[in-house]
Asks: 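Sharing a structure, written as C-alpha cells. Questions coming.
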Amino acid sequence: MGGSDAAPAARDDAQVVVVVGSPVDGPPAPSASDPPLAASAPASTPPAPEEAEAKRELSAAAPAESLVVEGKQVEAAAAAAQAMAVTVVRDVEAGPEASTSGVADEKPSWFTPKRLLVMFCIINMLNYVDRGVIASNGVNGSRGSCSGGTCSSGSGIQGDFNLSNFEDGVLSSAFMVGLLVASPIFASLAKIHNPFRLIGVGLLVWTIATAGCGCAFDFWSITVCRMLVGVGEASFISLAAPFIDDNAPAAQKTAWLAMFYMCIPTGIALGYVYGGLVGGHLHWRAAFWGESILMLPFVILGFVIKPLELKGFTHNKKTKEYGQMLSPELQDETRLVHQRLLSLTFLDTTSY
C-alpha cells in the first residue's frame, strides 16, 4: 500500500518538471512512466481551407490598401499645396501689410524715413528750380529792339531765338504737355514695376532733357526738350508722395508732406535767383547744365541703391519665390499624376 502511494507522487513530480522545463516548440518527450494515452496525443491538424483563403485575401488586399493610403496622402498634399498657392496669391494682391505667408518686407540698409524725406525734398526743389529758371530774366531774357534807328540785340532765350510773346509763353508752359501725358502712364506702370526704379528713370529723362535745353539751337528744339522735362518730372510727382506717406511716422505724416510740398514755392523762388545770377554772369545755357549736374547724383542713386516698395505693391516677389508652385505647367503635371494614381488605385482595388 505504501509503495503504491509513493509512485503516483513521484509521477506527479516528474510531470511538473517535464512541463516546466520542456521546449516551447514541441511537446515534451514521452517518459517510460507516462500512461499510454500521453504517447498517443493527436498530431497538429492542417489549416482549414477557409482560413487559407482568408489569409490569401488579406495578403492580396494589402497592396490595394497601401495604394489607397498613398492616393489619400497625395490628395491631401495637393489640397495643401493649393491652399498655400491661394495664400501666396492673396499675399501678392494684398501686399506686405496683409501678408499671411510670413514673408516680411525688408527695408534696404540705406533706408531711414528721414533720409528718404531729405532726398525727396531736394529732388522736388530741383524740379521747381527749373520752373523758376526758365522764367527768370537772366535765362528768359528779352527780345532785340530797334528805336530811333538803333537796334539792340536781345538777351537770353528770347534774344538768341528771337521769340515772339506767344512763342515765349509756349516755351514756359511746354513742360505741361509731357507732365499731363506721362503722369498716368507712370502711375499705371507702378503696378508691374518698382516705383522707386520708375522715379530713377524719370529723373534720368529729366537730366537729359535739361541738358538738352542748354544745347538747343532753335525754338522747336528747346520746346521739345521742355516737354521731356515734364515727362521726367511726372514720375517723381506721381510717385514720391506715396513713399512719404508710407514711411513717415503716423503722428508726423501731415508735417512731412507739408515739408515736401513747401519745396515747390521755395524751388521756384530759388530758380529766379539762380537763373538771374548764372544767366547774368555766365550764360543762360549754363543754368540748365548746372541743373543737370545737380540732379545727376540722385539719378545714379535711383538705379544703384536697393529700391523701396510701396505698400500694396510687391511686384510678384512672392510669386517668384513660389514660382514653381504657381506655374500652370507644373500644376497640370501634378494634377495628371494625381489622376493616374487614383485610377490605378481604383483598378487595383477592384481587381481583387
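Numbers here simply count residues along the sequence, with the first being 1.
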Asks: Considering only heavy atoms from C-beta outward, does the side chain of F186 approach that of I237 to under 4.5 Å?
Replies: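 Not in contact.
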Asks: Tell me which one of L126, V133, V229 satisfies side chain to side chain contact (heavy atoms under 4.5 Å, CB included) with T210.
Replies: V229
Asks: Between D160 and H283, does the side-chain contact (heavy atoms from CB on, under 4.5 Å) criterion hold? Intermediate values first, please.
Replies: CA-CA 11 Å; D160 286 1; H283 197 273; 3.9 Å; yes
Asks: Run the numbers on D130 and R226 for salt bridge (charged side-chain N to carboxylate O under 4.0 Å, His left out), then give the verdict.
Replies: CA-CA 10 Å; D130 179 73; R226 296 306 299 173; 2.6 Å; yes
Asks: Within the side chain of Y272, is there an N or O that forms a donor-acceptor pair under 3.5 Å with the backbone of A135?
Replies: no
Asks: Please determine, by modelled atom types, if S238 and S183 share a side-chain donor-acceptor pair under 3.5 angstrom.
Replies: no
Asks: Near K114 NZ, under 6.0 Å, is it more than 12 heavy atoms from other residues, nucleotides or ligands?
Replies: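 Open: at most 12 neighbouring heavy atoms sit under 6.0 Å from NZ of K114.
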Asks: In the hydrophobic cluster built from side-chain contacts under 4.5 Å, what are the other members alongside V273?
Replies: L277
Asks: Going hydrophobic residue to hydrophobic residue with side-chain gaps under 4.5 angstrom, can you get from V177 over to L180?
Replies: no
Asks: Check for a donor-acceptor pair, side chain of T266 on one end and backbone N or O of C263 on the other, with a separation under 3.5 Å.
Replies: no
Asks: Mind checking whether F217 and F161 have ring centres under 6.0 Å apart?
Replies: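 Ring-ring flag for F217/F161: false, centres at least 6.0 Å apart.
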Asks: Return the minimal non-hydrogen interatomic distance between W284 and C213, and the atom names on each side.
Replies: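 W284 and C213 have their closest heavy atoms at CZ3-O, 3.6 Å.
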Asks: In Å and rounded to the nearest 0.5 Å, what is the CG to OG distance from L179 to S173?
Replies: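 Interatomic distance, L179 CG to S173 OG, rounded to 0.5 Å: 12.0 Å.
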Asks: Treating T207 as the side-chain partner and M295 as the backbone partner, does any N or O pair qualify as donor plus acceptor under 3.5 Å?
Replies: no
Asks: What closest approach, in Å, do G202 and S235 show between heavy atoms, and which atom pair accounts for it?
Replies: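 Looks like CA-OG, 3.0 Å.
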Asks: Output the distance between atom SG (C121) and atom CD1 (I264), rounded to the nearest 0.5 Å.
Replies: 10.5 Å
Asks: Using modelled atom types only, decide if a donor and an acceptor are shared between the side chain of Q252 and the backbone of P249 within a distance under 3.5 Å.
Replies: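 No: the side chain of Q252 does not pair with the backbone of P249.
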Asks: According to side-chain hydrogen bond (donor to acceptor under 3.5 Å, both in side chains), does anything in residues 118-129 pair up with another residue at least two apart or in another chain? List the pairs.
Replies: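 Qualifying pairs: N127-W206.
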Asks: Counting distance only, does the side-chain N/O of S172 pair as donor-acceptor with the main-chain N or O of G169 below 3.5 Å?
Replies: no
Asks: Between V118 and L239, is there shared hydrophobic-cluster membership here, with clusters defined by ILVMFWY side-chain heavy atoms closer than 4.5 Å?
Replies: yes
Asks: Let me see the working for E233 and R131 under side-chain contact (heavy atoms from CB on, under 4.5 Å), right down to the final yes or no.
Replies: CA-CA 11 Å; E233 188 177 334; R131 305 273 187 91; 2.3 Å; yes
Asks: Say whether M125 and I244 are linked into one hydrophobic cluster, either directly or through other cluster members, by side-chain heavy-atom distances under 4.5 angstrom.
Replies: no
Asks: Taking a hydrophobic cluster as the set of Ile, Leu, Val, Met, Phe, Trp and Tyr residues connected by side-chain heavy atoms closer than 4.5 Å, whether directly or through intermediates, do I122 and L203 fall within one such cluster?
Replies: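 Same cluster: I122 reaches L203 through Ile, Leu, Val, Met, Phe, Trp or Tyr contacts under 4.5 Å.
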Asks: What's the shortest heavy-atom distance between D168 and Q158, and which atoms?
Replies: OD2-NE2, 3.4 Å
Asks: Between atom OG of S142 and atom CD1 of I157, what is the distance when rounded to the nearest 0.5 Å?
Replies: 12.0 Å
Asks: Might you point out which heavy atoms bring A287 and V278 nearest each other, and give the distance in Å?
Replies: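 Smallest heavy-atom distance, with atoms named: N-CG1, 3.5 Å.
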Asks: Please lay out, stage by stage, how F288 and I134 fare under the test side-chain contact (heavy atoms from CB on, under 4.5 Å).
Replies: CA-CA 9 Å; F288 290 113; I134 194 66; 3.7 Å; yes
Asks: Show, in sequence, the C-alpha distance, side-chain angles and deciding distance for F219 and N162, and conclude whether the side-chain contact (heavy atoms from CB on, under 4.5 Å) test is met.
Replies: CA-CA 9 Å; F219 167 74; N162 194 25; over 6 Å; no
Asks: Is the shortest heavy-atom distance from the side chain of L228 to the side chain of I208 under 4.5 Å?
Replies: no
Asks: Do M227 and F175 make a side-chain contact, defined as non-hydrogen atoms from C-beta onward lying under 4.5 Å apart?
Replies: no
Asks: Could you state the interatomic distance from OG (S188) to CD1 (I185), rounded to the nearest 0.5 Å?
Replies: 8.0 Å
Asks: If I take atom CD1 from residue I123 and atom CZ from residue F260, how far apart are they, to the nearest 0.5 angstrom?
Replies: 9.0 Å
Asks: Hydrophobic clustering (ILVMFWY, side-chain heavy atoms < 4.5 Å, transitive) - are W289 and L282 grouped together?
Replies: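 No.
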Asks: Taking atom types as modelled, is there a side-chain donor on D245 or W256 under 3.5 Å from an acceptor on the other?
Replies: no
Asks: Would you mind reporting whether V201 and F303 have side-chain heavy atoms less than 4.5 Å apart?
Replies: yes
Asks: Describe, in one word, how the ring planes of F196 and F243 are oriented to each other, choosing from parallel (under 30°), tilted (30 to 60°) and perpendicular (over 60°).
Replies: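 Plane angle over 60°, so perpendicular.
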Asks: So does S136 get a backbone contact from the side chain of N140, meaning a donor-acceptor N/O pair under 3.5 Å?
Replies: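 Looks like no, no N/O pair under 3.5 Å.
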Asks: A quick test of your reading: do over 12 heavy atoms of other residues, nucleotides or ligands sit less than 6.0 Å from CE of M119?
Replies: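 Check passes, neighbour count above 12.
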